[in-house]
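The sequence lines fix the lettering, A, B, ..., with proteins before strands; numbering per chain opens at 1. Computed over heavy atoms, backbone and side chain alike; hydrogens, waters and symmetry mates excluded.
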Number of protein chains: 2
Amino acid sequence: MSRFLRQGLKTLVPYVPGEQPRSVKRLIKLNTNESPFPPSPRVLAALGEGETKKLGLYSDPTADCLRRAIAAHFGVSADSVVCSNGSDEILAFALDAFCDREIGMQTPDITYGFYPVLSGLYGIPMTVRPLREDFSVDVDAFLSGRETVVLANPNAQTGVALALSEIERIVSADLNRLVVIDEAYVDFGAESAVGLTQKYDNLLVVQTFSKSRSLAGARIGFAIGAPSLTSDLETVRNSFNPYNVNRLSLLAGAEAISDEEYFEKTRREIIRVRESTKAALAELGFDFPPSMANFILARHPRISGKALSLALRERGIIVRHFGDERIRDYARITVGSEADMAYLTEQLKEIVGG
Amino acid sequence: MSRFLRQGLKTLVPYVPGEQPRSVKRLIKLNTNESPFPPSPRVLAALGEGETKKLGLYSDPTADCLRRAIAAHFGVSADSVVCSNGSDEILAFALDAFCDREIGMQTPDITYGFYPVLSGLYGIPMTVRPLREDFSVDVDAFLSGRETVVLANPNAQTGVALALSEIERIVSADLNRLVVIDEAYVDFGAESAVGLTQKYDNLLVVQTFSKSRSLAGARIGFAIGAPSLTSDLETVRNSFNPYNVNRLSLLAGAEAISDEEYFEKTRREIIRVRESTKAALAELGFDFPPSMANFILARHPRISGKALSLALRERGIIVRHFGDERIRDYARITVGSEADMAYLTEQLKEIVGG
């Protein structure tokens with residue numbers, strides 16, 4: 001730490017991303033919930049040499065082509081959409097813009113690890129509302145409290161989803177309190193709250209191209225909400241980094257979200273493989289919360305989460321283990337390709353002696 | 001503005017980027033200081049379909065390949081380098097991290113318009129030290145004061161450069177005060193202070209790939225400084241957006257900075273065209289500060305800066321006009337290709353009746 005770091009940041013603990021091995025050749029990477037599929041063929045076609053040659057020019061700071069494509073996909077107006085360099089960035093803009101520095105935010109105890117980091121970065125007080133024993137969100141606990149509500153749906157780490165009616169209960173409980181729903185994993189089986197943004201101006205929905213759109217490396221996120229909210233987010237974005245989405249990602253994102261057929265095909269395949277993997281895991285004696293995401297948080301009575309992760313690593317499979325007390329018996333396994341999951345199941349069988 | 005925007009941001013005035021016209025087919029774009037050249041052929045070769053297919057995977061959050069390439073180019077250690085999504089982002093990280101919220105920052109009156117915006121975003125008090133009459137930086141004014149010093153060298157808008165010895169005077173005047181030198185335009189004729197970072201741990205040098213590396217659309221910036229400073233910046237970066245540079249830009253940047261031959265050829269050509277354009281402008285009766293950047297801030301006794309910009313726009317050339325009182329008689333003209341500048345000169349001749 002330098003002597004120049006300002007006081008407020010001296011105790012900041014940054015987010016620790018999942019490992020990105022230098023070479024993925026011999027490793028099956030099931031630790032950061034990426035898609036097992038390449039991007040849509042339309043993305044590959046769009047990013048040819050002609051576009052690469054234009055990289056000397058700035059990207060469109062209004063992200064117009066991408067915002068229009070997202071708006072068309074969801075049937076909302078383009079001014080309801082703000083784009084960002086990954087969804088972490090739009091979450092940061094939103095919490096910075098909308099969290100009262102006295103009242104702060106409220107979020108479950110087990111959820112995306114980035115929320116407490118942002119709370120530290122911006123000095124936003126964080127109220128933690130524990131998940132129920134079965135890892136479901138305690139909706140009643142989020143009906144009161146003036147703090148901005150931040151929920152991932154399906155929830156990060158657990159994959160457990162809230163019904164849309166439950167989200168609406170939280171949003172409508174207090175129209176003067178903002179609710180941020182992080183839908184990074186929504187396309188794998190949960191109901192999106194985007195439709196509710198047309199009815200409630202205290203709801204912001206955040207999504208990403210990193211999971212169901214197979215574009216984690218392109219860094220594209222976005223938020224949908226009432227134009228009063230998105231214009232505030234544009235103010236923050238333009239005060240921080242007006243050209244925040246690069247040229248090629250603007251093109252890639254517009255193509256990816258327009259290719260509904262490829263999107264449907266790949267997300268359905270991931271859901272199918274998730275369900276067959278769940279069945280195989282259950283047969284081996286694993287238990288897990290009912291994941292509606294592209295990962296499974298699984299534990300086995302005969303091995304700790306950490307030991308399981310290490311044993312898989314030795315067999316060339318990387319999964320993620322979290323130290324939080326409530327989930328440290330588990331390992332979080334991304335749903336990869338069918339072949340990857342078959343290999344995983346084989347290895348797990350040997351490890352747990354099923 | 002929504003009712004949710006926090007108090008501290010209600011008066012925030014965002015940065016206004018130069019216009020990015022939807023179609024650049026019939027317009028000569030000399031308003032945002034982009035390079036007239038495409039990126040290095042090595043960049044084009046690196047971003048093939050094979051890499052596009054891997055966009056489903058996250059980028060390396062340590063930006064290792066890019067940091068190493070930058071470090072090798074400058075002869076510094078890789079841990080002295082932090083990469084960002086454009087240099088605006090690393091400037092934001094640096095000012096957020098290192099500006100004391102009571103003492104703040106000091107910067108010239110005429111400089112990059114993004115500094116006051118960041119001051120507003122982060123609530124950093126800003127002390128303004130006017131440029132001299134000839135637009136040179138008043139170095140003596142920056143020797144005292146505890147505020148973090150933020151200087152663009154060459155300076156934005158004017159193109160006027162400070163000698164390295166002057167930068168060192170400012171840095172060495174107070175070793176307990178941080179100095180940030182923004183070298184966006186340094187490759188067009190000024191001396192870089194990167195070497196001084198090996199001697200002074202209170203100096204941070206910021207550069208970009210958007211100008212001399214012909215990669216504005218890829219969004220790559222970086223900072224070089226003592227590892228104590230860069231590790232603080234990594235803390236902020238990892239608390240904000242750990243995957244802040246996308247996969248293709250990491251590759252593009254590493255290739256671009258390794259291709260010394262292409263870099264030398266293109267930057268020398270831009271300098272050559274700048275000097276011949278200066279001569280042509282002088283002949284038409286324009287005057288301008290001595291630009292060491294890839295733009296010329298020019299004015300003519302017979303036409304206002306705004307009228308000049310509009311007249312050029314009508315002739316298919318976009319330049320930038322700023323409303324600040326001290327430079328509103330001027331138009332800022334990016335140094336484009338030789339052909340573009342010949343066309344510009346022709347049009348200016350007609351406009352000012354030279």
Side-chain angles (χ1 to χ4, degrees), chain A residues 1-2 4-6 9 12 14-15 17 20 32 34-35 37-39 43-44 47 49 52-61 85-86 88-89 92 97-101 117 120-121 178 214-219 226 228-229 231-232 235-236 238-244 246-249 252, chain B residues 1-2 4-6 9 12 14-15 17 20 32 34-35 37-39 43-44 47 49 52-61 85-86 88-89 92 97-101 117 120-121 178 214-219 226 228-229 231-232 235-236 238-244 246-249 252:
Chain A
M1 191 185 296
S2 79
F4 300 104
L5 190 64
R6 70 179 164 91
L9 299 183
L12 187 58
Y15 182 71
Q20 302 294 334
T32 52
E34 291 143 328
S35 167
F37 298 104
V43 170
L44 307 190
L47 303 191
E49 188 167 304
T52 308
K53 275 193 177 153
K54 291 187 204 148
L55 277 178
L57 300 175
Y58 279 102
S59 44
D60 173 10
N85 181 39
D88 287 347
E89 190 183 68
F98 302 127
C99 283
D100 186 291
R101 292 304 191 255
V117 174
L121 178 65
L178 186 73
S214 305
L215 279 171
R219 316 303 304 119
S228 59
L229 294 175
S231 73
D232 287 345
T235 299
V236 172
N238 281 309
S239 301
F240 175 78
N241 193 0
Y243 302 101
N244 64 329
N246 71 86
R247 281 185 82 92
L248 297 181
S249 294
Chain B
M1 190 184 298
S2 79
F4 300 104
L5 190 64
R6 70 177 165 92
L9 299 184
L12 187 58
Y15 182 71
Q20 303 293 334
T32 53
E34 292 143 326
S35 167
F37 298 104
V43 170
L44 307 189
L47 303 190
E49 187 166 304
T52 309
K53 275 192 177 153
K54 291 186 203 147
L55 277 178
L57 300 175
Y58 279 103
S59 44
D60 174 10
N85 181 39
D88 288 346
E89 190 182 67
F98 301 128
C99 283
D100 186 291
R101 293 305 191 255
V117 174
L121 179 65
L178 186 74
S214 305
L215 279 171
R219 315 305 302 122
S228 59
L229 294 175
S231 73
D232 287 346
T235 299
V236 172
N238 282 309
S239 301
F240 175 78
N241 194 359
Y243 302 101
N244 64 330
N246 71 85
R247 281 186 82 92
L248 298 180
S249 294

Check: Arg219(A) and Arg219(B) side chains under 4.5 Å, non-hydrogen atoms: no
Looking at Ser35(B), Ala252(B), Ala218(B), which one has more heavy-atom pairs under 4.5 Å with chain A than the rest? Ala218(B)
Are side-chain heavy atoms of Tyr58(A) and Pro17(B) found at a separation under 4.5 Å? no
Considering residues at least two apart in sequence or located in another chain, which fulfil the salt bridge (charged side-chain N to carboxylate O under 4.0 Å, His left out) criterion with Glu34(B)? Lys29(B)
Within the side chain of Arg6(A), is there an N or O that forms a donor-acceptor pair under 3.5 Å with the backbone of Arg101(B)? no
Between the CG atom in Leu248(B) and the CG atom in Leu248(A), the distance rounded to the nearest 0.5 Å is 6.0 Å
Looking only at heavy atoms, the pair that brings Gly56(B) and Ala216(A) closest together is O-CB, 3.3 Å
Select, from Asn238(B), Leu47(B), Leu55(B), the one with the greatest count of heavy-atom pairs under 4.5 Å involving chain A. Leu55(B)
Considering only heavy atoms from C-beta outward, does the side chain of Thr235(A) approach that of Leu9(B) to under 4.5 Å? no
Pick from Ser59(B), Ala97(B), Pro38(B), Pro61(B): which one has the most heavy-atom pairs with chain A under 4.5 Å? Ala97(B)
Most chain B-contacting option - heavy-atom pairs closer than 4.5 Å, from Val117(A), Asp88(A), Leu44(A): Leu44(A)
Greatest number of heavy atom pairs closer than 4.5 Å to chain B - which of Ser231(A), Ser2(A), Pro39(A): Ser2(A)
Nearest 0.5 angstrom please: Leu57(B) CG to Thr32(A) OG1, how far? 7.5 Å
By a 4.5 Å heavy-atom criterion (distance strictly below it), what part of Leu121(B) contacts chain A: side chain, backbone, both, or neither? side chain
Quick one: CG on Leu12(B) to CZ on Phe240(A), what's the gap to the nearest 0.5 Å? 12.5 Å
Of the listed residues (Pro242(B), Gly120(B), Cys99(B)), which shares the most heavy-atom pairs with chain A below a 4.5 Å separation? Pro242(B)
Closest-packed option against chain A by number of heavy-atom pairs under 4.5 Å, given Ser228(B), Gly86(B), Ala226(B), Ser239(B): Ser239(B)
Quick one: does Asn85(B)'s side chain have a donor or acceptor within less than 3.5 Å of a partner on Asn85(A)'s backbone? no
d(Asn241(A) CG, Glu89(B) CD) to nearest 0.5 Å is 5.5 Å
Flag the one option from Leu178(B), Asp232(B), Val43(B), Leu229(B) with the top tally of heavy-atom pairs under 4.5 Å to chain A. Asp232(B)
Best-contacting candidate, Tyr243(A), Tyr15(A), Phe37(A), against chain B by heavy atom pairs under 4.5 angstrom: Tyr243(A)
